[in-house]
There are 4 protein chains.
Amino acid sequence: MANKTAPDASRRSERSRRAILDAALELVGELGYPKLTIEAIAARAGVGKQTIYRWWPSKAAVLLDAFAPDEDAEAVGGHELPDTGDLEADLKLVLRATVDEMNSPKYDLPARALTAEGVVDPELGAAFVSRLLEPQLQLYVTRLRAAQEAGQVAPDIDPRIALELLVGPIAHRWLLRTLPLSHEHADAVVEMTLRGLTPR
Amino acid sequence: MANKTAPDASRRSERSRRAILDAALELVGELGYPKLTIEAIAARAGVGKQTIYRWWPSKAAVLLDAFAPDEDAEAVGGHELPDTGDLEADLKLVLRATVDEMNSPKYDLPARALTAEGVVDPELGAAFVSRLLEPQLQLYVTRLRAAQEAGQVAPDIDPRIALELLVGPIAHRWLLRTLPLSHEHADAVVEMTLRGLTPR
Amino acid sequence: MANKTAPDASRRSERSRRAILDAALELVGELGYPKLTIEAIAARAGVGKQTIYRWWPSKAAVLLDAFAPDEDAEAVGGHELPDTGDLEADLKLVLRATVDEMNSPKYDLPARALTAEGVVDPELGAAFVSRLLEPQLQLYVTRLRAAQEAGQVAPDIDPRIALELLVGPIAHRWLLRTLPLSHEHADAVVEMTLRGLTPR
Amino acid sequence: MANKTAPDASRRSERSRRAILDAALELVGELGYPKLTIEAIAARAGVGKQTIYRWWPSKAAVLLDAFAPDEDAEAVGGHELPDTGDLEADLKLVLRATVDEMNSPKYDLPARALTAEGVVDPELGAAFVSRLLEPQLQLYVTRLRAAQEAGQVAPDIDPRIALELLVGPIAHRWLLRTLPLSHEHADAVVEMTLRGLTPR
DNA sequence: AGCTAATCGAGACGGTACGTCACGTCTTTAG
DNA sequence: CTAAAGACGTGACGTACCGTCTCGATTAGCT
């Protein structure tokens, strides 16, 4: 029961909403997240500050909306992973694409900002994960299950953990900048994940 | 030629340094990182603001110093990983300990704060990695090489990547809170990393 | 030619008008004039803001209407001053009543607010004077002229100035709060005005 | 006991104080009191807003300081009324000067603003009266007492009331704008006050 | 052992952004 | 078609911290 006299969403100005979201994306690119201010977003969007505060609780939330695919827009850049029958090749393809994305400033900057904020603000983090990350991860689960049915992956493997072995190392390098991300690295992660360390 | 009139470190007040570091740690626990302010640290430490600005470039740097083991102090809770000859057991032991640490608020809060800040501020991130993270990761490299020599790990495995398969998934869950961290999860990661996904 | 699309007074809602005026009076008592807002009046009156803006140019104007006797209503608490033939007694009676009014919070607060606003806003001031003050002052003129005809006041006296000698000192104390208003003070003003300072 | 952690007045910047006071006076002349904002004063003075809020509770208080003679500066435009032995002439001189002052925009605007604010804000009103008005009024008391000793004023006259008969009517016209202020009016007030209304 | 220069606690300063409030205008919805 | 409701752009509010800058009052470390 919202007792905060919630605003009437049906009267909301779509014009302003878009302007705010666009301005936020532009500015995060120009200034970086820490220097991004609500006042600047409002100014750039030609909007009153209150219009931002009315609809979003924080600049992170604005950015999340700005960055997230529009609700209805089907899928997040495709709603399934490729399945050529060759699991290793398919995973390499996808992880290489991920690496490319993370290496492109257009994606990198806002994504880092949101991720960092989510690390520290659990509420935002939850939103980030459920709206952006989890749908992506489910694609891996689906693909891995298909591989399992095709006998290419051992039946006792938990696809959730498997996915983490693939994605975790990439995310680690990306977020912490321990070593550069590269196609070679992505390939190595896929190969090692599929085969394991132990000699056979 | 440092024309910034660098302060004379020999005259530095150890008393103030400790008070600042302690205050920073206390406050990050009480308020969380975003509400942590230099003014509050100064007030809590009974110190002038300038004394902080003289010695640290940002609140993140203060926190890094506060959180980091004292320079020379012999490493970060031990300078090697256990080596009982049983690689799987040893790794489980270590990763379970890591999980426990991440589940304890005393470690979790400041560590998240620093990590998040490092995600977004490359300079701080580099310091964080080289002072805190990398030394830890090197321990894995060392242990894995030992296992390689003992024939428990295939000779063509790159220990750096291997370590990422182990640590990446844990870090992923910790930072993004996709799913809870647990001993079971740590064990599963170790097992899957060692064996790989492919049926054998 | 009024091109401001003047509202059609014949369609005006009397219900809303009264509610607004009542709300304004209530609120000025509760909050004082500076904290009185149009939004609060609208809310209290259960009225849209536009309904206020349509009919009044400012909150001061609302308050003026709220405070003023209804247009045609027979004058401002009686349309003449008493005339018992004893000028001094009559004036004391009237000024004592004025003092009492000014000492009663119900009158004091909105009257001060309006007066203060009129001091600073000439337009409102003019309205205030012509609608509320001047009719009152004319009563003094009338009474003084009667006294003049009865030979109780010297024929060369300008009743307008005389009235100011009576009313000015009371208003001075009231508005500037130099010293408290009292019946004794009112009496002293009447006596001194009638007799003058010079020994006779 | 000030528990608001009062600022340390000895460290106060005289430079900023003057700039603020000057800016306030300038701006009240340019914009009028209601449009005078603290932000504008700060901007014009080249000063942070906090520096104003640190030392003054309201824009009215700033203006009071700006308008008031500097504390120590001896007197408020002279510390006594003229005494030529001719009371009537002396009073006319003084009241005519007062009228001139009130008719000059340079004095009129800020003085009205302060007076109006004092009418509505008792705290400010008290400061206004005790710092600016009362010292002036005391000069009348002194002059009238001298006249009393010289036998030009009846001994039972209360100089305080007498002064109000002189000043009240002028203030009344000034503040309420009932009729214009003029030398003739001032003269008439003096004459009528001295002689009274009653025929002699 | 005293001098002297740096650091220290303190906090005022010019700023920027915050999040809130009210303004006066405009649009949408229910009677 | 009016009027309630309230979202909107605007702009000021008063507060919180920023990072810089004086201030004495301790401290050192070097004569």
Side-chain angles (χ1 to χ4, degrees), chain A residues 5-13 15-17 19 35-43 45-55 57-59, chain B residues 5-13 15-17 19 35-43 45-55 57-59, chain C residues 7-8 11-13 15-16 19 35-43 45-59, chain D residues 5-13 15-17 19 35-43 45-55 57-59:
Chain A
T5 55
D8 178 346
S10 72
R11 286 220 196 306
R12 184 167 187 180
S13 157
R15 198 184 197 306
S16 297
R17 196 185 132 271
K35 305 201 143 183
L36 176 67
T37 67
I38 299 238
E39 296 210 325
I41 298 174
V47 137
K49 283 199 285 177
Q50 203 59 48
T51 302
I52 300 185
Y53 285 111
R54 192 163 14 240
W55 301 108
S58 67
K59 68 174 176 175
Chain B
T5 54
D8 178 347
S10 73
R11 279 177 176 263
R12 182 169 186 180
S13 158
R15 195 183 199 307
S16 298
R17 196 186 132 272
K35 304 200 143 183
L36 177 67
T37 67
I38 300 245
E39 299 210 325
I41 297 174
V47 137
K49 284 199 287 175
Q50 201 59 258
T51 304
I52 300 185
Y53 285 111
R54 196 169 3 246
W55 302 108
S58 69
K59 69 172 176 175
Chain C
D8 178 348
R11 285 183 174 268
R12 182 168 186 182
S13 156
R15 196 185 199 307
S16 296
K35 305 200 141 183
L36 176 67
T37 67
I38 300 244
E39 299 210 326
I41 297 174
V47 137
K49 286 198 286 176
Q50 201 58 257
T51 304
I52 299 185
Y53 285 111
R54 200 177 350 254
W55 301 108
W56 290 275
S58 69
K59 69 173 176 176
Chain D
T5 55
D8 177 347
S10 73
R11 286 219 196 300
R12 183 167 187 182
S13 158
R15 197 184 198 306
S16 297
R17 196 186 132 272
K35 303 200 146 185
L36 177 66
T37 67
I38 299 238
E39 296 208 325
I41 298 173
V47 137
K49 281 199 286 177
Q50 202 59 49
T51 301
I52 300 185
Y53 285 112
R54 188 157 26 233
W55 301 109
S58 67
K59 69 173 175 174

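Protein chains get the first letters and strands the later ones, always in sequence-line order, with residue 1 at the start of each.
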Which part of the nucleic acid does B/Ser10 contact within heavy-atom distance under 4.0 Å: base, sugar-phosphate only, or nothing? sugar-phosphate

Any chance CZ of D/Arg54 has more than 12 other-residue heavy atoms, nucleotides or ligands included, within less than 6.0 Å? yes

Side-chain contact, heavy-atom cut-off 4.5 Å: C/Lys49 with C/Ile52? no

Between P on F/dG19 and CD on B/Gln50, what's the gap in Å once rounded to a whole number? 11 Å

Does some side-chain heavy atom of D/Trp55 sit less than 4.5 Å from a side-chain heavy atom of D/Arg17? no

Nearest listed nucleotide, side chain of D/Glu39, among E/dC23, F/dC13, F/dG19: F/dC13

What is the distance from CD1 of B/Ile52 to P of E/dG9, rounded to the nearest Å? 9 Å

Which residue, C/Gly46 or D/Leu36, contacts DNA chain F at a nucleotide closer to its 5' end, judged by nearest heavy atom? C/Gly46

Taking only side-chain N and O atoms of A/Arg11, does any of them lie within less than 4.0 angstrom of OP1 or OP2 on F/dA5? no

Quick one: closest heavy-atom pair of A/Ala42 and A/Gly48, and the distance? CB-C, 4.2 Å

Sorted by position of nearest nucleotide on DNA chain E, 5' first, the leading residue of D/Val47 and C/Ala40 is D/Val47

Inter-end axis angle, the helix from E/dA1-F/dT31 to E/dG31-F/dC1, with every axis fitted to five base pairs (rounded, 10 degrees): 20°

With a cut-off of 6.0 Å (strictly less than), are more than 12 heavy atoms of other residues, nucleotides or ligands near CZ of A/Arg12? yes

Once you apply a heavy-atom cut-off of 4.0 Å, does D/Arg12 come out as touching a base, just sugar-phosphate, or nothing? sugar-phosphate

Heavy-atom nearest nucleotide on DNA chain F for B/Ser58 versus A/Asp8: which residue maps closer to 5'? A/Asp8

Under-4.0 Å side-chain N/O to phosphate OP1/OP2 contact, A/Thr51 with F/dG9: yes

In whole angstrom, give the distance that lies between atom NZ of D/Lys35 and atom P of E/dG24. 10 Å

Ranking D/Arg54 and A/Lys49 by the position along DNA chain E of their nearest nucleotide, the one closer to 5' is D/Arg54

Rounded off to whole Å, could you give me the CD1-to-C1' distance for the B/Ile41 and F/dC17 pair? 12 Å

Straight-line distance of C/Ile38 CD1 to C/Trp56 CH2, nearest 0.5 Å: 9.5 Å

OP1 or OP2 of E/dG9 sitting under 4.0 Å from any side-chain N/O of B/Ser16? yes

Value in whole Å for how far the P atom of E/dC26 lies from CZ of A/Arg15: 15 Å

State which of F/dC17, F/dT20, F/dG14 makes the closest approach to the side chain of D/Tyr53. F/dG14

Between P on F/dA12 and CD1 on D/Ile38, what's the gap in Å once rounded to a whole number? 12 Å

Establish, with yes or no, whether the OP1 or OP2 oxygen of F/dT2 is under 4.0 angstrom from a side-chain nitrogen or oxygen of C/Trp55. no

